[in-house]
**Q** 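Can you keep this structure in mind? I'll have questions shortly.
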Amino acid sequence: MANDNENLREKRSLPPADYIFKIKSFNLLADSTVDRFESGVFESGGYYWRLVFYPKGKGSSDHLSLYLKIDESNSYPNAAWSVNVYYRLFVYDQIRKDYLAVQDAKSGVRTFDQQTSELGFDKFLKLEELNQHLKGYLLNNTCTFGAEIYVIKPTDTEGTLSKEDSLAVIRERGIDRGCNQFVNCLLTAFIKSIKTLIIDRVPCLGILLNLE
């Protein structure tokens, strides 16, 4: 894993869990006057998202910038909404058949809200690296990006604690009941063995004690 003080970078063979977006004829896009474009909508964690590309960089002219955007089509329970997420963005190495995963080095969990609809990386990938054939990111004028998002949904603390308490009570009662049943089984087996021993060894005593 590499760290450039802003982003953590890691190679892995597994593809992104949520979305893969392939761009063909990338040079036409890079050479155009388009500074920003968005992918199609995809769903993850109960919300709709898009990838946002800045082929000439956003805040850094020598890098490709890549962002995650929460889509306008989402509905929220109230106006003061927020969505906490842990996310990674990816680019595919077509030579080595693996993915470069990039995530925030300073804060694993990020928040989307009314003021922040896009989060990502100004310096996602150096344009020099992107255009180097041996790097494998841009081959046959095609490159592939991806996203992986884990939404941290709000929880009801009191409800969660009550469920845990109830589970503990049930578990304790179950253990006590199980122990009692086990002890009763042992006592029953012991009594039966004593009866059998008395009947076998002293038949007359067994009859007198009415053990048969």
Side-chain angles (χ1 to χ4, degrees), residues 1-73 83-112 116-152:
M1 180 182 293
N3 187 344
D4 59 8
N5 296 324
E6 294 183 6
N7 307 322
L8 295 178
R9 302 173 182 274
E10 181 181 20
K11 282 291 192 83
R12 77 179 206 191
S13 58
L14 291 175
D18 295 308
Y19 186 60
I20 292 177
F21 184 63
K22 181 181 288 187
I23 301 176
K24 298 180 179 180
S25 301
F26 184 82
N27 65 331
L28 295 179
L29 177 66
D31 294 338
S32 70
T33 57
V34 174
D35 295 325
R36 176 185 184 278
F37 75 97
E38 299 181 359
S39 72
V41 176
F42 64 96
E43 188 274 336
S44 178
Y47 295 92
Y48 296 106
W49 310 87
R50 294 177 187 267
L51 287 181
V52 181
F53 297 85
Y54 296 84
K56 298 180 178 65
K58 178 185 179 182
S60 178
S61 59
D62 58 346
H63 283 75
L64 169 74
S65 301
L66 184 60
Y67 279 73
L68 178 66
K69 174 186 176 183
I70 192 164
D71 196 59
E72 296 91 346
S73 61
V83 180
N84 297 314
V85 304
Y86 170 86
Y87 71 93
R88 287 179 171 183
L89 302 183
F90 297 78
V91 60
Y92 183 54
D93 183 341
Q94 301 175 60
I95 295 177
R96 297 160 191 84
K97 308 299 181 185
D98 59 16
Y99 291 84
L100 173 65
V102 182
Q103 67 187 76
D104 196 311
K106 297 179 180 179
S107 174
V109 178
R110 303 299 302 273
T111 301
F112 291 86
T116 308
S117 61
E118 288 184 19
L119 289 169
F121 309 104
D122 289 345
K123 298 180 179 181
F124 178 76
L125 186 65
K126 288 184 177 181
L127 293 176
E128 180 183 358
E129 288 187 51
L130 177 66
N131 291 304
Q132 285 181 12
H133 178 84
L134 293 179
K135 291 291 184 180
Y137 300 126
L138 181 61
L139 293 182
N140 299 319
N141 208 17
T142 300
C143 51
T144 302
F145 300 90
E148 194 168 86
I149 306 164
Y150 176 73
V151 176
I152 304 172

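Predicted model, so just to flag it, every value in this text is computed and none were measured. Each residue takes its place number in the sequence, starting with 1.
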**Q** Any side-chain heavy-atom pair from I23 and F37 closer than 4.5 angstrom?
**A**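 When only atoms from C-beta onward are counted, F37 and I23 do touch, with a gap below 4.5 Å.
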**Q** Show every side-chain hydrogen bond (donor to acceptor under 3.5 Å, both in side chains) that has at least one partner inside residues 23-33, sequence neighbours left out.
**A**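 Sorted pair list: N27-N141.
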**Q** Step by step, work out the side-chain contact (heavy atoms from CB on, under 4.5 Å) result for Y87 and L119.
**A** CA-CA 10 Å; Y87 71 93; L119 289 169; 3.6 Å; yes
**Q** Would you call R110 and D104 a salt bridge, taking side-chain N to carboxylate O under 4.0 Å as the test?
**A**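 Salt bridge flag = yes for D104 with R110.
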**Q** For R12, is there an ion pair with E148 - N to carboxylate O distance below 4.0 angstrom?
**A**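 Result for this pair is yes, salt bridge flagged.
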**Q** Are any of the side-chain heavy atoms of L139 and I95 separated by less than 4.5 Å?
**A**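 Yes; the side chains approach each other to less than 4.5 Å.
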**Q** In sequence, state the C-alpha distance, the side-chain angles, and the governing distance for F90 and D98, and then conclude on side-chain contact (heavy atoms from CB on, under 4.5 Å).
**A** CA-CA 10 Å; F90 297 78; D98 59 16; over 6 Å; no
**Q** Just wondering, do I149 and L68 contact through their side chains at under 4.5 Å, heavy atoms?
**A**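 With C-beta onward as the side chain, the pair touches.
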**Q** Closest approach of V151 and S44, non-hydrogen atoms and distance?
**A**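 Heavy-atom minimum between the residues: CG2-O, 4.0 Å.
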**Q** How far apart are the closest heavy atoms of Y99 and I20, and which atoms are they?
**A**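 In terms of heavy atoms, the two residues are closest at OH-CD1, 3.8 Å.
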**Q** Are S39 and Y19 packed together at the side-chain level, in the sense that at least one heavy-atom pair is separated by less than 4.5 angstrom?
**A**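 Of all side-chain heavy-atom pairs linking Y19 with S39, at least one is under 4.5 Å.
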**Q** Any ion pair linking E118 and R36 (charged N to carboxylate O, less than 4.0 Å)?
**A**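 A salt bridge links R36 with E118.
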**Q** E10 and R88: which non-hydrogen atoms are nearest, and at how many Å?
**A**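 The pair with the smallest heavy-atom distance is OE1-NH2, 3.4 Å.
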**Q** So, does T142 use its side chain to make a donor-acceptor pair with the main chain of N140 at under 3.5 Å?
**A**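 Yes.
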**Q** Do other residues, nucleotides or ligands put more than 12 heavy atoms under 6.0 Å from Y48 OH?
**A**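 Count not over threshold, so no.
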**Q** Mind listing the closest non-hydrogen atom pair of L51 and A147 along with its distance?
**A**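 For L51 and A147, the tightest heavy-atom pair comes out as CD2-CB, 3.9 Å.
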**Q** If we only count heavy atoms from C-beta on, is the I152 to V109 side-chain gap below 4.5 Å?
**A**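 Yes - at least one pair of side-chain heavy atoms lies under 4.5 Å apart.
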**Q** Please answer whether the main-chain N or O of Q132 pairs with a side-chain N or O of E129 as donor and acceptor at a distance below 3.5 Å.
**A**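 Checking the backbone N and O of Q132 against the side chain of E129, no donor-acceptor pair under 3.5 Å is found.
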**Q** Please report the closest heavy-atom contact between Y137 and C143, naming both atoms and the distance.
**A**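 Looking at all heavy atoms of both residues, the closest pair is O-CB, 3.2 Å.
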**Q** Give me each pair satisfying salt bridge (charged side-chain N to carboxylate O under 4.0 Å, His left out) with a member in residues 52-70, each pair once, sequence neighbours excluded.
**A**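 Passing the test, one end in residues 52-70: E38-K69, K69-E72.
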**Q** Between P55 and L64, which heavy-atom pair has the shortest distance, and what is it?
**A**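 Smallest heavy-atom distance, with atoms named: CA-CD1, 3.6 Å.
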**Q** Is there a side-chain contact (heavy atoms from CB on, under 4.5 Å) between Y54 and L66 once you walk through the steps?
**A** CA-CA 6 Å; Y54 296 84; L66 184 60; over 6 Å; no
**Q** Assert yes or no for the condition that the ring centre distance of F112 to W49 is strictly below 6.0 Å.
**A**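 Centroid distance F112-W49: below 6.0 Å, so yes.
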**Q** Donor-acceptor check, side chain of S65 to backbone of D122, threshold 3.5 angstrom: yes or no?
**A**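 Yes.
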**Q** Is it the case that atom OH in Y150 sees more than 12 heavy atoms from other parts of the structure closer than 6.0 Å?
**A**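 Open: at most 12 neighbouring heavy atoms sit under 6.0 Å from OH of Y150.
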**Q** Run the ring-centre check on F124 versus Y67 and record whether the distance is less than 6.0 Å.
**A**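 F124 vs Y67: aromatic centres not under 6.0 Å.
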**Q** Please confirm whether the ring centroid of F21 lies under 6.0 Å from the ring centroid of F145.
**A**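 They do not qualify: ring centres at least 6.0 Å apart.
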**Q** Can you find a pair of side-chain heavy atoms, one from L125 and one from L100, that are under 4.5 Å apart?
**A**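 They are in side-chain contact.
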**Q** Could you tell me whether K135 and D93 make a salt bridge, using a distance below 4.0 angstrom between a side-chain N and a carboxylate O?
**A**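 A salt bridge is absent here (no side-chain N lies under 4.0 Å from a carboxylate O).
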**Q** Would you check if D18 and P16 make a side-chain contact, meaning some heavy-atom pair closer than 4.5 Å?
**A**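 Answer no - side chains too far apart.
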